Amino acid sequence: MSQYRDTAAGTIGSEAVGSTVKIAGWVARRRDHGGVAFIDVRDASGIVQVVADPDVIDEVASLRMEYCVAVSGEVRPRPDGTTNPDLPTGMVEIGAEEIQILSPADALPFMLDDRVEVDERVRLEYRYLDLRRASMAANIAARSKATAAIRRTLDDLGFLEIETPTLVASTPEGARDMLVPSRLREGHFYALPQSPQLFKQLLMVSGVERYFQIARCYRDEDLRSDRQLEFTQLDLEGSFWGQDEVLDTIEQTLVAATEAVRGIRLTEPFPRLTWQEVMDRYGSDKPDLRFGMEIADLADLFESSEFGVFTSALESGGAIRGINTGVRDFPRSKADELTELAKANGAKGLVWMVVNDDRSLRSPVAKFLSDAEIRGVIDRLEAQPGDVLLLVADRWKTAVTVLGALRNVLGRPADHEDLAFLWVTDFPMFEEEEDGSITFSHHPFTTPQDVEMMATQPEHALARAYDAVLNGVELGSGSVRIHDPELQRKVFDILGIDSETAERMFGWFLRALRFGPPPHAGFAFGIDRLVMILQNEDSIREVIPFPKTQSGVDPLTGSPTLVDDRQLAELGITLRPETRTKLEES
RNA sequence: GGGGGCGUGGUGAAGCCUGGAGUUCACGCCGGCCUGUCAAGCCGGAGGUCGCGGGUUCAAAUCCCGUCGUCCCCGCCA
């Protein structure tokens with residue numbers, strides 16, 4: 001196998017008894033009994049127990065945790081009563097004949113088992129040690145299995161894997177660009193791609209027809225447990241395609257990745273729900289379908305109510321919606337906490353009700369409601385004694401999103417043992433900004449479902465855009481692209497982008513659309529997020545070997561760093577005075 | 001930009017609310033004993049500017065203010 005070893009430690013079983021093996025790896029544990037010592041040697045394949053006599057092998061006394069060693073010896077069965085059923089190699093042990101210390105290790109900054117949760121900053125500072133832990137090694141392996149399965153699937157379907165540039169032109173739309181100064185053109189900047197979007201569309205114009213890429217993407221926005229400055233997407237595009245071909249193909253990659261990582265075969269096709277439907281039923285465009293607690297429309301029950309909060313909401317065109325959160329303790333403090341949460345999500349207030357044994361209600365608003373209204377709510381929400389009901393009367397969007405947020409807080413499973421994939425289709429074409437202006441909800445190259453509607457009632461126009469969702473997490477999105485320059489111009493027009501601006505920003509792309517572009521559609525989903533959930537982790541950082549902290553710092557390498565003034569000079573860059581001052585102060 | 005949690009020997013925690021000597025527990029580290037352990041065991045030892053700065057007080061890990069780091073969330077993320 002190599003000069004250092006001929007056998008993988010974790011693969012040694014009873015069938016190897018009697019043979020002489022040479023293994024190499026790290027000292028995971030050392031149990032020194034004086035007259036005999038046990039050394040657990042770990043390599044990438046697993047752990048095997050080495051037994052050594054300190055009187056025969058001098059090295060035993062100096063072995064410490066995480067020393068890198070090579071051991072040769074005879075595989076033998078463990079004596080009766082000393083086998084270890086928790087270890088795949090637990091029926092055997094290696095009687096050491098020679099132990100060679102390949103390299104020693106300093107005392108560890110933290111223990112490499114999963115017994116205690118070490119501060120993440122320290123883990124990142126010594127990430128190479130952190131990655132030796134079984135759970136992290138498993139995450140790395142799972143990620144590799146997932147991408148391999150995706151590549152296999154797409155290769156079988158005839159896709160070409162094609163790289164696109166990572167030094168690209170900055171565009172003012174979308175997320176903040178990560179910028180790279182140009183030395184050859186002083187004062188000019190490249191941007192790192194937020195996605196290969198326009199390049200993959202150009203490849204369609206080029207006649208590629210089936211493209212994919214496992215692409216690194218960059219967005220200079222604030223970090224979260226599911227967001228890093230750089231992340232990896234499966235990016236994919238197909239010519240002569242509509243939505244169905246995209247969804248079917250992406251589904252195959254997700255099925256293959258899940259099977260590779262979890263060993264389970266998902267049921268296809270995944271549920272497909274429209275944006276309107278998931279908003280109405282779950283109050284989110286990325287609903288978690290692992291639990292019910294669906295939102296009910298209660299407006300018709302209160303049309304002639306005496307309760308002003310409800311009637312005024314309805315009179316102003318709003319909605320009254322509610323959820324049944326089931327039987328739970330509901331002290332005043334909980335009610336206050338949920339009300340705060342509702343307000344933080346934009347609601348004016350939250351109506352809570354607890355169903356009494358006699359099917360009356362314990363609620364601050366009970367006295368304003370008629371018996372018929374109370375019966376109506378209980379029936380509509382299929383409430384039983386003890387159930388806690390939550391109602392919001394507000395603008396439709398506010399009512400459902402608030403209840404959606406409450407639903408997640410109250411019902412979401414703690415882990416990702418179960419998997420609930422779904423498609424959300426028929427997204428709105430545009431959404432309204434806080435200042436009332438209109439912006440695209442996907443990206444400006446998305447085909448509208450109805451051109452007429454888009455022009456006359458853009459706020460109600462739907463797009464041929466769709467998202468993949470898993471366990472309440474947005475995996476990714478895609479759309480049927482515009483391949484008609486005239487239609488593209490209309491979309492820019494509605495967005496308030498005049499033809500001069502469009503020409504300046506995307507002229508090179510619009511020109512390509514004048515050379516016989518095929519109809520095409522595509523998708524991209526986050527590999528990090530997918531593997532995170534498949535591996536039952538709550539942070540994307542657990543499946544990224546070398547991630548950054550929330551402030552964008554890598555504690556291992558210290559990046560980002562200051563650079564030499566000479567380097568800045570070559571780029572024609574001077575730091576702003578206020579920046580210099582800030583740096584000098586710190 | 002905003003809200004919240006955390007910061008105590010190398011690691012993890014308790015102590016903080018209700019101020020009174022760096023106190024405790026587990027892991028690790030160093031030394032010793034030990035021939036069947038697998039989180040080995042037993043005995044002994046070393047190791048801390050309680051993140052940093054300021055304030056209150058006779059006295060601050062503990063109370064107050066600021067600051068830094070980190071995590072979670074809102075904004076942001078076509």
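The sequence lines fix the lettering, A, B, ..., with proteins before strands; numbering per chain opens at 1. Keep in mind that this is a model prediction, so the values were computed, not measured.
The P atoms of B:G48 and B:G10 are separated by 7 Å, rounded to the nearest whole Å. The same atom, C1', is picked in B:C58 and in B:G44; the two are 40 Å apart, to the nearest Å. Separation of the C1' atoms belonging to B:A61 and B:A14 is 13 Å when rounded to the nearest angstrom. Taking atom P in both B:G9 and B:U49, the straight-line distance is 9 Å, to the nearest Å. Remark: the separation of the P atoms in B:G47 and B:C6 is 31 Å, to the nearest Å. B:G32 and B:A21: their C1' atoms are spaced 32 Å apart (whole Å). Of the P atoms belonging to B:G15 and B:C25, the separation is 16 Å, rounded to the nearest Å. Nucleotides B:C74 and B:C27 place their C1' atoms 38 Å apart, quoted to the nearest Å.
Taking atom CD of A:Gln233 as the reference point, atom P of B:C77 lies 16 Å away to the nearest angstrom. Rounded to whole angstrom, the span from the OH atom of A:Tyr218 across to the C1' atom of B:C77 amounts to 17 Å. B:G5 atom C1' lies 15 Å from atom CD of A:Glu120, rounded to whole Å. For the pair A:Ile39 CD1 and B:C38 P, the interatomic distance rounds to 16 Å; values are reported in whole Å. Atom-to-atom, CG of A:Asp55 to C1' of B:C34 comes out at 12 Å; the value is rounded to the nearest Å. Rounded to a whole Å, the CD atom of A:Glu337 is 12 Å from the C1' atom of B:G4. Taking atom CD1 on A:Ile540 and atom C1' on B:C73, their separation rounds to 16 Å, with Å as the unit. For the pair A:Asp222 CG and B:C71 P, the interatomic distance rounds to 12 Å; values are reported in whole Å.
Candidate nucleotides B:C77, B:C73, B:C38 were compared by shortest atom distance to the side chain of A:Gln550, and B:C73 ranks first. Of the candidates B:C38, B:U35, B:C76, B:C76 carries the atom nearest the A:Arg224 side chain, counting heavy atoms from C-beta on.
Aromatic stacking is not marked for A:His33 over B:G41, as the cut-offs of 5.5 Å for the centres and 30° for the planes do not both hold. By the 5.5 Å and 30° criteria, A:Phe110 is not stacked with the base of B:U11.
Residue contacts for A:Glu93: at a heavy-atom cut-off of 4.0 Å it reaches a base atom on one of the strands shown. A:Asp119 comes within 4.0 angstrom of the backbone, heavy atoms only, and of no base. A:Glu117 comes within 4.0 angstrom of the backbone, heavy atoms only, and of no base. Counting non-hydrogen atoms under 4.0 angstrom, A:Arg227 reaches a base of the nucleic acid. Among the atoms of the strands shown, none is found under 4.0 Å from any heavy atom of A:Ala344. Note on A:Arg76: a base of the nucleic acid sits closer than 4.0 angstrom, heavy atoms only. Nucleic acid contact class of A:Pro79 (heavy atoms, under 4.0 Å, all strands): base. If you check every strand for non-hydrogen atoms under 4.0 Å, A:Arg541 touches sugar and phosphate atoms only. Using a 4.0 Å heavy-atom cutoff across all strands shown, A:Ser551 reaches sugar-phosphate atoms only and no base atom. Within 4.0 Å of A:Thr89, counting heavy atoms only, lies no atom of the nucleic acid at all.
Judged by distance alone, with hydrogens and angles left aside, the side-chain atoms of A:Asn139 form a donor-acceptor pair with the main-chain N or O of A:Glu542 at under 3.5 Å. Checked by atom type and distance alone, the side chain of A:Gln194 pairs as donor or acceptor with a backbone atom of A:Ala175 at under 3.5 Å. Counting only distance, with no hydrogens or angles, the side chain of A:Asp528 and the backbone of A:Thr232 share a donor-acceptor pair below 3.5 Å.
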Between the protein and nucleotides 43-45 of chain B, which nitrogen or oxygen pairs come in under 3.5 angstrom?
none

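The aromatic rings of A:Phe509 and A:Phe445 sit perpendicular, their planes meeting at an angle over 60°, well past the 30° parallel limit. Using cut-offs of 30° and 60° for the angle between ring planes, the A:Phe110 and A:Tyr126 rings count as perpendicular.
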Quiz item: How does protein reach along nucleotides 22-32 of chain B, written 5' to 3' as B (base within reach of a heavy atom under 4.0 Å), S (only sugar-phosphate), or - (no contact)?
Solution: -----SSSSS-
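Look at A:Arg29 and A:Asp40 and you find no salt bridge, because none of the NZ, NE, NH1 or NH2 atoms lies under 4.0 Å from a carboxylate O.
For the residue pair A:Gln243/A:Thr425, the side-chain donor-acceptor check at 3.5 Å is not satisfied.
In terms of position along RNA chain B, the nucleotide closest to A:Ser225 lies nearer the 5' end than the nucleotide closest to the other residue of the pair A:Ser225 and A:Ser441. Remark on RNA chain B: of its neighbouring residues A:Val553 and A:Phe440, the 5'-side contact belongs to A:Val553, judged by nearest-heavy-atom nucleotide.
Aromatic ring centroids of A:Trp241 and A:Phe523 lie 6.0 Å or more apart. Separation of the A:Tyr218 and A:Phe231 ring centroids does not fall under the 6.0 Å cut-off.
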Practice problem: Test side chain to side chain contact (heavy atoms under 4.5 Å, CB included) on A:Gln233 and A:Ile527 and set out the steps. | Solution: CA-CA 5 Å; A:Gln233 287 197 336; A:Ile527 302 266; 5.7 Å; no
Practice problem: Please test A:Glu230 against A:Lys548 for salt bridge (charged side-chain N to carboxylate O under 4.0 Å, His left out), starting from the C-alpha separation and ending with a verdict. | Solution: CA-CA 9 Å; A:Glu230 53 182 309; A:Lys548 299 190 174 39; 3.5 Å; yes
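In this entry B:C6 has B:G69 as its Watson-Crick or G-U wobble partner, both defining distances falling under 3.5 Å. The nucleotide B:C42 finds its pairing partner in B:G32, both defining distances of the Watson-Crick or G-U wobble pair being shorter than 3.5 Å. The nucleotide B:G47 finds no pairing partner, because no Watson-Crick or G-U wobble arrangement with both distances shorter than 3.5 Å includes it. Base pairing annotation: B:C58 forms a Watson-Crick or G-U wobble pair with B:G20, both donor-acceptor distances under 3.5 Å. Pair assignment for B:C25 gives B:G12, based on Watson-Crick or G-U wobble hydrogen-bonding distances that are each under 3.5 Å.
No hydrogens or angles were tested; on distance alone, nothing pairs the side chain of A:Arg219 with the base of B:C77 as donor and acceptor under 3.5 Å.
The phosphate of B:A40 has OP1 or OP2 within less than 4.0 Å of a side-chain N or O from A:Arg31. Here A:Thr549 reaches the OP1 or OP2 of B:U70: one of its side-chain N or O atoms lies under 4.0 Å away. Residue A:Gln49 places none of its side-chain N or O atoms closer than 4.0 Å to OP1 or OP2 of B:U37.
Counting non-hydrogen atoms of neighbouring residues, nucleotides and ligands closer than 6.0 angstrom, the NE2 atom of A:His33 exceeds 12 such neighbours.
In summary, of the residues considered (A:Lys286, A:Arg541, A:Arg529), a salt bridge (charged side-chain N to carboxylate O under 4.0 Å, His left out) with A:Asp226 occurs for A:Arg529 alone.
A:Phe291 carries A:Arg407 over the face of its six-membered ring, with the cationic atom under 6.0 Å from the centre and within 45° of the normal.
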